[in-house]
There are 2 protein chains.
Amino acid sequence: MEQDTETRIFEAARAVFVEQGFEGARMQEIADRAGINKALLHYYFRSKARLFEAVFRASAAEVLSQAATALRQDQPLPDRLTTFVHTYIDLIRANPHLPAFVLEELRRNPDALKAVVAEHTPGLLDALGRGIEDAVAAGRLRRIDPAHLLAHLIGLCIIPFIARPMLQTATQMDDAAYDAFLEARKEEVSTFIHRALVP
Amino acid sequence: MEQDTETRIFEAARAVFVEQGFEGARMQEIADRAGINKALLHYYFRSKARLFEAVFRASAAEVLSQAATALRQDQPLPDRLTTFVHTYIDLIRANPHLPAFVLEELRRNPDALKAVVAEHTPGLLDALGRGIEDAVAAGRLRRIDPAHLLAHLIGLCIIPFIARPMLQTATQMDDAAYDAFLEARKEEVSTFIHRALVP
DNA sequence: CGATGGTTTAACTATAAGGTTAATGAAGAA
DNA sequence: TTCTTCATTAACCTTATAGTTAAACCATCG
């Protein structure tokens, strides 16, 4: 329970930043949640911007590394796609605010992610491309631009989280129903993609 | 050129809010862009919150009404889906910051859109459901949960805009290439969906 | 002309928020 | 015990920003 102060601050900051974004977050609230004085935030992290950067890099790295790993699995591409969809949706279900958090920062500072993306996804597209060509050669897949496929994957996975209030209102689901919807989505998205890619 | 003051303010506010979000926007900047004194903002719109609300409602209504209209077209469902994808992507290309803007507000105040959604999408899901059943009966479509289909549509259309810096970095496209990518995406998404839905 | 009323501005206020500082506490070293 | 050092705090400082106010402007109508 008694974590060291720096990680207590970090975790509090993560919670607040992820919920409120950079501009919306208040240093005082972070201090309160960490149960420490506001000056300590600056003692450990210098400034709001640096604290945010630390939190953001960690979160983005977590998402990207998991996603990239799933896409690089040593399986035939169709199976890899299923793995990706399942792990990615599960990951986000555990941190539902994460995509919106990353996306907002992406808008505020479009270059922020470049370093992280470049670090975690080198050759990712090539790997995807090779996977596609192999599967095409094996007659298991129709050819598709890997960039589009990547976009499809991400879009299909994160949309129910970032647009939740909208979708939930439009479909009139209660929270339990929406949870079931999210669970079902893993299979739904997998089969949707597979069917779209039959040769 | 000489618009009336209120709309000048409104347009300036739209530009600033859409670029920076509510927290990031500064009343002074809105006033500057509108070429008027800051006090006038309050004269016409009372407070930052009210000004934002006006802008947000208008933007959200624009997106939702166009989208809902496309989905209600009097065509067989497969054609309707193509129409939707094309008009929606074109709409966003003309206002590329719009989705992120709406999504951020969705996070800041999840209930904000409920009224607008409820107003513009009543029976939308039912209409989609009927369209699906008709097409299924005609042997043109495999059955799919309309809620999932709606999510698929939105996710596939908006992802290249909200995740643009990420995708552009991962794919190493320059701006021209990314524009071509967006243009190509209309066809790509349409055929992807159609293929996924063959019976 | 001159009064009236909506519009616009310059100057101001209040406050909240990020950041700083100097003093205090605690814990080990000499 | 006393000195040193790192951790922590209360109080303070500065600035930026939403919002207010009172006066000036300007058109219209009598």
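Scope of the values below: all heavy atoms of this structure, side chains included, with no hydrogens, waters or symmetry mates. We name chains A, B, ... by the order of the sequence lines, and we start the count at 1 in each one.
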Whole-Å distance between [N] [atom2] and [X] [atom1]?
X: A/Glu29; N: C/dA16; atom1: CD; atom2: P; value: 15 Å
X: B/Asn37; N: D/dA18; atom1: CG; atom2: P; value: 14 Å
X: B/Phe45; N: C/dT7; atom1: CZ; atom2: C1'; value: 15 Å
X: A/Asp4; N: D/dC6; atom1: CG; atom2: C1'; value: 14 Å
X: B/Ile36; N: D/dC25; atom1: CD1; atom2: P; value: 19 Å
X: A/Asp32; N: C/dA17; atom1: CG; atom2: C1'; value: 13 Å
X: A/Leu40; N: C/dT24; atom1: CG; atom2: C1'; value: 13 Å
X: B/Glu23; N: C/dG18; atom1: CD; atom2: C1'; value: 15 Å

- Message: Is the ring pair A/Phe17/A/Phe52 parallel, tilted or perpendicular, if the boundaries are 30 and 60 degrees?
- Response: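 It falls in the perpendicular class, over 60°.
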- Describe, in one word, how the ring planes of B/Tyr88 and B/Phe84 are oriented to each other, choosing from parallel (under 30°), tilted (30 to 60°) and perpendicular (over 60°). parallel
- Message: Is B/Thr5 close enough to C/dT7 that one of its side-chain N or O atoms is under 4.0 Å from OP1 or OP2 there?
- Response: no
- Task: May I ask you to verify if any side-chain N or O of A/Tyr44 is less than 4.0 angstrom from the OP1 or OP2 atom of D/dT8?
- Result: yes
- Want to settle it: does A/Arg46 or B/Ala39 sit nearer the 5' end of DNA chain C, counting the closest nucleotide to each? B/Ala39
- Query: Nearest to the side chain of A/Tyr43, which nucleotide is it out of D/dT8, C/dT9, D/dG19?
  - Reply: D/dT8
- Please determine, for the side chain of A/His42, which listed nucleotide (C/dG18, D/dA18, C/dA10) has the closest atom? C/dG18
- Message: For a 4.5 angstrom cut-off between non-hydrogen side-chain atoms, does B/Ile158 reach A/Ile159?
- Response: yes
- Query: Between the side chains of B/Arg50 and B/His42, is a donor N or O closer than 3.5 angstrom to an acceptor N or O?
  - Reply: no
Show each protein N/O and nucleotides 14-17 of chain D N/O combination with a separation under 3.5 Å, one pair to a line.
from, atom 1, to, atom 2, distance (Å)
D/dT17, OP1, B/Arg26, NH1, 3.0

- Message: Please check if the number of heavy atoms outside B/Arg72 that lie under 6.0 Å from its CZ is greater than 12.
- Response: yes
- Task: Return yes when atom CZ of A/Arg140 has more than 12 non-hydrogen atoms of other residues, nucleotides or ligands closer than 6.0 Å, and no otherwise.
- Result: no
- Message: Please report whether the ring centroid of A/Phe181 lies less than 6.0 Å from that of B/His148.
- Response: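 Ring-ring flag for B/His148/A/Phe181: true, centres closer than 6.0 Å.
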- Task: Give B/Leu41 one of three labels, base, sugar-phosphate or nothing, depending on what nucleic acid heavy atoms sit under 4.0 Å from its own.
- Result: nothing
